[in-house]
Asks: 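Take a look at this one; I'll ask things after.
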Amino acid sequence: MAILKKNIWLIFYVLTLTATILFLSASYLKWESTYLKYQTSQENIVELMANATHSLFDTQERLMDILGVTILEDRHHQYDTQSIEKHSNSLLQNPDVIAFGVTTPEGEFIFASSHKDPKQITSLLKQPESRESFMEALSTHGMVFGRTYFSQPLQKWGMPIRKTVRDEEGKPLFVMTTLLRLTSTFDTLMNTIHHRQNLVVSVIRDTDLYQQYNSEGKHDYAKTYQSPFPKKVMDRVYTIIFDTYGLTPQELKRDEPLVSFGYTHEDGVRYLASLKYNKTYKLWIIVHTYLDTIIKDFLQSLALYVTAFIVSGAIFFFLFRLIANAEDKRRSDLIQQATHDQLTTLPNRSYLHQNIFHWAYKNAPPFSLFYVDMDHFKNINDSFGHQFGDYVLVEITKRLRALTPPHSLIIRYGGDEFVLVTRLHEHKELLNFASRLIDALSRPYNVNELHFNIGASVGIAIYPEHGENFDMLLRASDIALYESKKVKNSAHIFASEMQEGFLKNVKIEQALRKAINQHELFMVYQPQIDTQGCVYGVEALLRWNSPTLGNVAPNHFIPLAEASGLMPKIGRFIIETACREIKELHLNLEYAFQISINISVRQFMDPGFLEHLLETVDKTQMHRLAITLEVTENLFIEDMHYILPLLHQIRELGIQISMDDFGTGYSSLSMLRKLPIDELKIDKSFVDEIFSDEASAKMVQNIIAIGKNFGMHILAEGVETKEQKEILTTFGCDRFQGYYFAKPLPKEELLSFLKKQTFTDKS
Ligand code: C2E
Ligand code: CA
Ligand code: CA
């Protein structure tokens, strides 16, 4: 079916060709049958004419014989005109006969029905028209034809037939001539013939090729009857017959066959001719039809075929065009569908791939490729539903369209990713355009009385500077975007240094995939101290010692693990290892202290997270109350409908929750009220600057005040000095963690550290 659709016109052409072949074949057959029809009817006519001629002359001959005998019996009145006239009267009654005459063997008239005084008529031997036939009549016993001529006294055209009457010794006594009416004799016959207007019958005397009769003769008697039929033509006819039938003129005359043949006259007129010889009277009976007549007849009958052919062809053509148009439309719709995004109507990724050659070709002018990625778009979908997200995407599209210079391409490249291709290429104008883009895209989106902001990150690559082909260019813009994403709501033009960082990250990511199975990851534990100076817990921190890359900082590889989807797996390793190792220490030391485990956003959002945690707790027989999960503010950007219940559930199970890096992220202090949190960790950056920056000190005080207000513990991390510890204590901080107390320690070192418990308050 698909082939059928594809080749609709091919099918049409095949059908047309078949129809044409059929039409031509039918036409050819029609031609054949038309030609044969003419030939058959013509041959019938020849046959008919031959018989009619023969019987006519036969009758006339007998009549003359009887008359001859009668005249002979009246021998004593040999030249008695009156007696002859009396006897010939019965003959003259015959409507075919117009005159009768008797001459001496010398040609002198004894009697002529047309003349009162026959002596005045010129001797037949002396008239050139009659001389030959007269001589012939004298020399044979049969009937002889004279030339068809015009009888002046009768004012009629007639065909003379002659017969000699002889004595016992065979000596000619007299010659009789009957003048047959030319018109009545043959024309009557002709009238009985169907289609006669299209054919010409002629009866030609073999001896001198004069025409006895020609059905067209009446138009020009003189021309028809006063000169012989051209011998040249007759000779050509013989040749054609010989070529066609292999018959010689002698055979034609001896066997009297009926033959038909095509003949082209000198003047180019073509005929279909049929002829037959009558040897008794030495006459050629020839019937011919103009080929044009046959062709005309053929074309007339063909008209129906042609009309049918054209009409059906036209119907087919329109039908096929209808189908083809529908098919074209469907195909272009499909192409449109395949290359455009339904929601925003923007061209999509495959459109870009198919059309970028219009931009990137050999020696093409420079252009730029903007990779635009909305920051945290996923939250919108998760929090408000897809319909809402769709609306925002349409709004984003509107804003992009309004800003983008003419003759640019705007592509929806993926969920919340857009690619712009523009003619801009100078760094200044690129950054300028990008910042206007970011401004526009980060303006509030208002939906159903809700107003919210999302940011956009932009990566820019320039052709041909950053890539000679589209793939390279896209990659460069993606790398630049990666750089922008670190900052969020910013734009970067690709630079080769980024590539190095990017490639390094790719390398790290690849190594990290193997790290878990090859036991390159392990945990260290950093003690956490209470106001009494006692270790009440430890924070589990991940370490990676890679054989190829050396020690990679968790700050570096954990975001990569997050981005590449490795985090849930690594997260499970962390939970299992921390629980197992700390449980060992609990057993060893015979007392249970807290274990704080960092949970990344992706890890927390993993659907199997809680199940796995509880499973591990059960397996290791770890006490739930001894577990604290450290989450960061970034978590609250995610779907709160999912997070809040989960946090509560965790809380109800007895597991504690600590808010890590507090003060650096998005969440406002007021948000804390809603969250089931046991502990706030003041970020190290505030602790670092507590003496140097007043704002930091104020911030720390605020955090502590609010945290206390909600009944939370406050932990200060990154405490490196005694002074820091002291001022934090004054502010109301009740937990401490930092190098001042201990660095993160491997399991064994932690054991000895705890065993010694040498550490008491240094103050
Ligand atoms: P964080 O959760 O804020 O961890 C505290 C970081 O501060 C640790 O760095 C720790 O070694 C360091 N630190 C503690 N006291 C001091 C101090 O007095 N001075 C200084 N200069 N640094 C101090 P680390 O281990 O490199 O971890 C960095 C970050 O990596 C962590 O920040 C956490 O976000 C992430 N991370 C580390 N381990 C894990 C883990 O097991 N799971 C998850 N999800 N993230 C982890
Ligand atoms: Ca932490
Ligand atoms: Ca922290």
Side-chain angles (χ1 to χ4, degrees), residues 508 512 515-516 520-529 535 537-545 550-582 594-606 609 612-613 616 627-635 656-665 677-690 713-725 728 733 735-747 749-750 753 759 762:
I508 292 174
L512 190 59
I516 310 168
E520 292 165 23
L521 297 175
F522 61 96
M523 303 306 297
V524 291
Y525 304 95
Q526 187 174 31
Q528 296 170 324
I529 315 295
V535 176
V538 293
E539 178 181 4
L541 293 160
L542 184 63
R543 291 293 175 265
W544 178 22
N545 192 349
N551 285 322
V552 187
N555 272 335
H556 196 167
F557 73 81
I558 284 178
L560 291 180
E562 286 261 283
S564 60
L566 285 170
M567 204 55 216
K569 191 175 176 194
I570 294 176
R572 286 195 288 276
F573 167 83
I574 291 167
I575 291 171
E576 284 163 19
T577 313
C579 286
R580 194 186 66 240
E581 292 184 344
I582 297 304
Q594 286 288 320
I595 168 79
S596 281
I597 304 173
N598 292 286
I599 307 294
S600 79
V601 177
R602 289 285 125 241
Q603 193 183 347
F604 191 85
M605 297 303 285
D606 188 60
F609 165 72
H612 172 262
L613 175 69
T616 313
I627 294 175
T628 302
L629 301 183
E630 288 191 16
V631 297
T632 61
E633 288 167 286
N634 291 343
L635 185 64
Q656 299 190 36
I657 294 163
S658 170
M659 173 77 104
D660 205 355
D661 303 338
F662 192 75
T664 59
I677 287 171
D678 304 283
E679 180 185 77
L680 281 187
K681 286 185 88 166
I682 300 173
D683 192 63
K684 178 176 171 296
S685 56
F686 298 111
V687 178
D688 281 348
E689 292 179 342
I690 203 159
H713 287 289
I714 314 292
L715 185 148
E717 62 179 350
V719 180
E720 293 183 348
T721 63
K722 185 181 171 192
E723 290 74 31
Q724 285 171 339
K725 191 241 159 183
L728 285 162
C733 199
R735 292 175 168 180
F736 308 91
Q737 183 183 342
Y739 291 178
Y740 173 62
F741 306 100
K743 288 199 167 184
L745 305 168
K747 178 181 73 171
E749 285 179 38
L750 176 67
F753 179 86
F759 189 83
K762 279 188 179 172

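One-based numbering, in listed order, for ligands and for the atoms of each. For the single chain, residues carry numbers from 1 onward in sequence order.
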Asks: Mark up the atoms of ligand 1 that fall under 4.0 Å of a heavy atom belonging to I558, in ascending order.
Replies: 36 (N), 39 (C), 43 (C), 45 (N), 46 (C)
Asks: May I ask which of F557, Y739, F736 has a heavy atom nearer to atom 17 (C) of ligand 1 than the others do?
Replies: Y739
Asks: Taking only residues two or more places apart in sequence, or in another chain, which ones meet T628 in a side-chain hydrogen bond (donor to acceptor under 3.5 Å, both in side chains)?
Replies: Q594
Asks: Is the closest N or O pair between I574 and ligand 1 shorter than 3.5 Å?
Replies: no
Asks: Taking all non-hydrogen atoms of both residues into account, name the closest pair between F736 and C733 and its distance.
Replies: CZ-O, 3.7 Å
Asks: Can you tell me if K743 has a non-hydrogen atom under 4.0 Å from ligand 1?
Replies: no
Asks: At less than 4.0 angstrom from any non-hydrogen atom of M523, what atoms of ligand 1 do you find?
Replies: 41 (O)
Asks: Report yes or no: does S658 have an N/O/S atom closer than 3.0 Å to the Ca ion (ligand 2)?
Replies: no
Asks: Looking at ligand 1, does any of its N/O atoms fall within less than 3.5 Å of an N/O of E539?
Replies: yes
Asks: Is a salt bridge present between R602 and E562, judged by a nitrogen-to-oxygen distance below 4.0 Å?
Replies: no
Asks: How large, to 10°, is the angle at the Ca ion (ligand 2) when you draw lines to OD2 on D660 and to OE2 on E539?
Replies: 170°
Asks: Go through ligand 1 atom by atom and flag the ones less than 4.0 Å from a non-hydrogen atom of E720.
Replies: 17 (C), 18 (O), 19 (N), 20 (C), 21 (N)
Asks: Quick one: pull up CE in M567 and CD1 in I570 and give me the separation to the nearest 0.5 Å.
Replies: 5.5 Å
Asks: Assess, by modelled atom type and distance only, whether the side chains of Q528 and Q737 contain a donor and an acceptor separated by less than 3.5 Å.
Replies: yes
Asks: If every non-hydrogen atom of L521 is compared with every non-hydrogen atom of F573, which pair is closest and at what distance?
Replies: O-CZ, 3.2 Å
Asks: Taking only heavy atoms of N555 into account, list the atoms of ligand 1 that are under 4.0 Å away from them.
Replies: 28 (C), 29 (C), 30 (O)
Asks: Closest N/O/S atom of E630 to the Ca ion (ligand 2), by atom name?
Replies: OE1
Asks: Search all heavy atoms of D660 against all heavy atoms of K681 and return the closest pair with its distance.
Replies: OD1-CD, 3.6 Å
Asks: Please state which part of T632 comes within less than 4.0 Å of ligand 1, counting heavy atoms only: side chain, backbone, both or neither.
Replies: neither
Asks: When you look for heavy atoms under 4.0 Å from ligand 1, do you find them on the side chain of V719, its backbone, both, or neither?
Replies: backbone
Asks: Does some non-hydrogen atom of A553 fall short of 4.0 Å from ligand 1?
Replies: no
Asks: How far apart are the closest heavy atoms of Q526 and A742, and which atoms are they?
Replies: NE2-O, 3.0 Å
Asks: If the cut-off is 4.0 Å to any non-hydrogen atom of E717, which atoms of ligand 1 fall inside it?
Replies: 3 (O), 5 (C)
Asks: If hydrogens are left out, which of L542, N598, D683 has an atom nearest to atom 43 (C) of ligand 1, that is, the closest non-hydrogen atom?
Replies: N598
Asks: Could you check whether any side-chain N or O of Q724 sits under 3.5 Å from a backbone N or O of T721, counting only pairs where one atom can act as donor and the other as acceptor?
Replies: yes
Asks: Can you list the ligand 1 atoms lying under 4.0 Å from a non-hydrogen atom of D660?
Replies: 1 (P), 2 (O), 3 (O)
Asks: Considering non-hydrogen atoms only, spot the tightest contact between P744 and Y739 and give its length.
Replies: CD-CE2, 3.9 Å
Asks: Quick one: which ligand 1 atoms are inside 4.0 Å of a heavy atom on P744?
Replies: 11 (O)
Asks: Determine whether a donor-acceptor pair (N or O, by modelled atom type, separation under 3.5 Å) exists between the side chain of D678 and the backbone of S658.
Replies: no
Asks: Taking side-chain hydrogen bond (donor to acceptor under 3.5 Å, both in side chains) as the definition, give me every residue that meets it alongside E720, ordered by chain and number, with sequence neighbours left out.
Replies: none
Asks: Closer than 4.0 Å to some heavy atom of D661 - which atoms of ligand 1 meet that?
Replies: 3 (O)
Asks: Measuring from atom 26 (O) of ligand 1, which candidate in P559, P554, S596 has the nearest non-hydrogen atom?
Replies: P554
Asks: Output yes when the distance from some N or O of ligand 1 to some N or O of Y740 is under 3.5 Å, and no in every other case.
Replies: no
Asks: Between K681 and ligand 1, which residue portion shows a heavy-atom distance shorter than 4.0 Å: side chain, backbone, both, or neither?
Replies: neither
Asks: When the ring planes of W544 and F557 are compared, do they come out parallel, tilted or perpendicular, using 30° and 60° as the limits?
Replies: perpendicular
